[in-house]
Visitor: 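Got a structure for you, questions after.
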Amino acid sequence: MSPTLRVRVWRGGAEGAFREYDVPRRESQTVLDVVTHVQRHLDPTLAYRYACRVGMCGSCAMTVNGAPRWTCRTHVDKVAKGDRLEVAPLKNLPVIRDLVTDMREFFDKWARAKGQFRGEKKRSDDFARVSPAAERRKLVDAAIECIGCAVCYSACDVAAWNPDYLGPAALNRAWTLVNDERDAQQAARLRAVAGDAGCHSCHTHMSCTDRCPKALSPTAGIAGLKRAVAAAALKGGL
Amino acid sequence: MNVRGETRLWLAQRASAAVLALCVIVHLVTLIYAVRGGLTGAEILERTRGSGAWFAFYSVFVLAVTVHAPIGLRAVLGEWLGWRGRPRDVALLLFAMLLAWMGMRAVMTVFA
């Protein structure tokens, strides 16, 4: 192992260039450690985003050697090509500066996919009892751990081709609510996730599933949405 | 196009894909079986002309292609060329009519 890592870091906005830095290599070093070293010791003007450092908050995702990854849980040993590392902002999102992207459109699309829970019960009503063994509940469990890091969105070809496409994370969120038996806006949600901007544009390339750091499968959720929308359409409920 | 229309197109493409999967298998198996000893154009026409069953089969084949191909092309035009909206759908409707005309012309020639 070389004692120094040669790191190319994107500097600038949509227009910009890579700048190279030499960073001391350490054991169990993460990509976020590398970026933090650059900012704290080599160039304090570098802009990047992180919070929890333990894979919970979803704020530190970047493009590492060409692939989107959560940098706090990505070890340099796993991704460096020899002693070289390239760190860039996430794709498919506007770059604000350096490694920071504008996430507004990403989260606005969650709202557009009706990613909000809306129940019917009042405070005076009894608790809704949903069995952990229920089939729909199991589908929710399989998809609910999304941390909103936008790695899937950055990896998605359809998001690159179609600016209106809601994207894997928003559709995955919608899928958890489609399977939430307490939710009261099912028909409106199916309308929101259908069509050219929604699940029907997915080509099942599975890049989202391949790259999801939480090992979720948005592809499976999107396929589920296609079935749910088709069933609603055939029953005349769309 | 509204989401109901988009969903119908998606259903039509999936259904036509299922029909095509069957049609292509039957077509290829028949082709390989029929030409195994060598076959001339005249011999083919001698066998196929007047066959109601094959006429119906290939008519379904052409219909499935007419439905399937333009819907797939619609996504390609939208994603790769950024061409969306009504003019694209009108152009694809014309393309579907062209496919149907060319396909049925061939079917009529070989099987009618």
Side-chain angles (χ1 to χ4, degrees), chain A residues 91-92 109 112-115 153 155-168 170-171 174-175 178 185-208 219 221-238, chain B residues 1-25 27-28 59-100 103:
Chain A
K91 293 169 187 164
N92 298 339
K109 285 179 174 177
R112 245 176 274 157
K114 297 235 175 283
Y153 191 85
C156 177
D157 291 322
V158 181
W161 294 328
N162 182 356
D164 293 330
Y165 182 54
L166 294 169
L171 293 171
W175 175 238
V178 163
Q185 49 176 353
Q186 296 293 354
R189 182 172 298 106
L190 290 181
R191 277 194 294 277
V193 300
D196 188 48
C199 61
H200 293 124
S201 280
C202 173
H203 291 300
T204 322
H205 289 171
M206 298 188 76
S207 303
C208 54
T219 312
I222 293 168
L225 288 176
K226 286 176 181 173
R227 290 193 297 274
V229 170
L234 291 172
K235 287 176 191 163
L238 195 63
Chain B
M1 187 178 289
N2 62 25
V3 292
R4 197 171 297 147
E6 299 266 4
T7 304
R8 281 181 187 151
L9 285 183
W10 183 83
L11 283 168
Q13 201 188 22
R14 288 301 181 276
S16 59
V19 173
L20 280 174
L22 190 67
C23 287
V24 168
I25 289 169
H27 174 71
L28 289 177
S59 296
V60 169
F61 200 152
V62 166
L63 180 68
V65 170
T66 303
V67 171
H68 191 82
I71 301 173
L73 193 57
R74 186 172 181 269
V76 174
L77 292 173
E79 288 170 0
W80 290 17
L81 302 180
W83 192 21
R84 296 185 167 84
R86 198 164 174 75
R88 173 187 64 170
D89 292 343
V90 171
L92 287 169
L93 189 63
L94 293 173
F95 177 64
M97 289 163 70
L98 180 70
L99 281 178

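In what follows, chains are A, B, ... by sequence order, proteins preceding strands, each numbered from 1.
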Visitor: Suppose a student defines contact as a heavy atom less than 4.5 Å from any heavy atom of chain A. Which residues in residues 83-91 of chain B would they list?
Guide: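 Against chain A, the residues of residues 83-91 of chain B that fall inside the cut-off (heavy atoms, under 4.5 Å) are B/Arg84.
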
Visitor: Just verifying a value: how many Å separate B/Glu6 CD and A/Ser201 OG, rounded to the nearest 0.5 Å?
Guide: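 Those atoms lie 7.0 Å apart.
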
Visitor: Determine the minimum heavy-atom distance between A/Ala230 and B/Leu11, stating which atoms define it.
Guide: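 Result for this residue pair: CB-CD2, 3.7 Å.
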
Visitor: Which bit of A/Val193 is near chain B, if near means a heavy-atom gap under 4.5 Å: side chain, backbone, both or neither?
Guide: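 Answer is neither: A/Val193 stays 4.5 Å or more from chain B.
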
Visitor: Counting only non-hydrogen atoms closer than 4.5 Å, does A/Leu190 touch chain B with its backbone (N, CA, C, O), its side chain (CB onward), both, or neither?
Guide: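 Neither part.
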
Visitor: Got a sec, which pairs hit side-chain hydrogen bond (donor to acceptor under 3.5 Å, both in side chains) with one end in residues 224-235 of chain A, sequence neighbours left out?
Guide: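 Every candidate side-chain hydrogen bond (donor to acceptor under 3.5 Å, both in side chains) pair involving residues 224-235 of chain A fails, so no pair, neighbours aside, qualifies.
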
Visitor: Can you confirm whether A/Arg191 sits close enough to B/Arg4 that some side-chain heavy atom of one is under 4.5 Å from a side-chain heavy atom of the other?
Guide: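 Side chain of A/Arg191 against side chain of B/Arg4, heavy atoms only: no contact under 4.5 Å found.
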
Visitor: Which heavy atom in B/Val3 sits nearest to a heavy atom in A/Leu238, and how many Å separate them?
Guide: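 For B/Val3 and A/Leu238, the tightest heavy-atom pair comes out as O-CD2, 4.2 Å.
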
Visitor: Distance from A/Asp196 atom CG to B/Asn2 atom CG, nearest 0.5 Å?
Guide: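 The CG atom of B/Asn2 is 12.5 Å from CG of A/Asp196, to the nearest 0.5 Å.
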
Visitor: Can you say whether B/Arg8 sits under 4.5 Å from chain A via the side chain, the backbone, both, or neither, judging by heavy atoms?
Guide: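 Neither part, no heavy atoms under 4.5 Å.
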
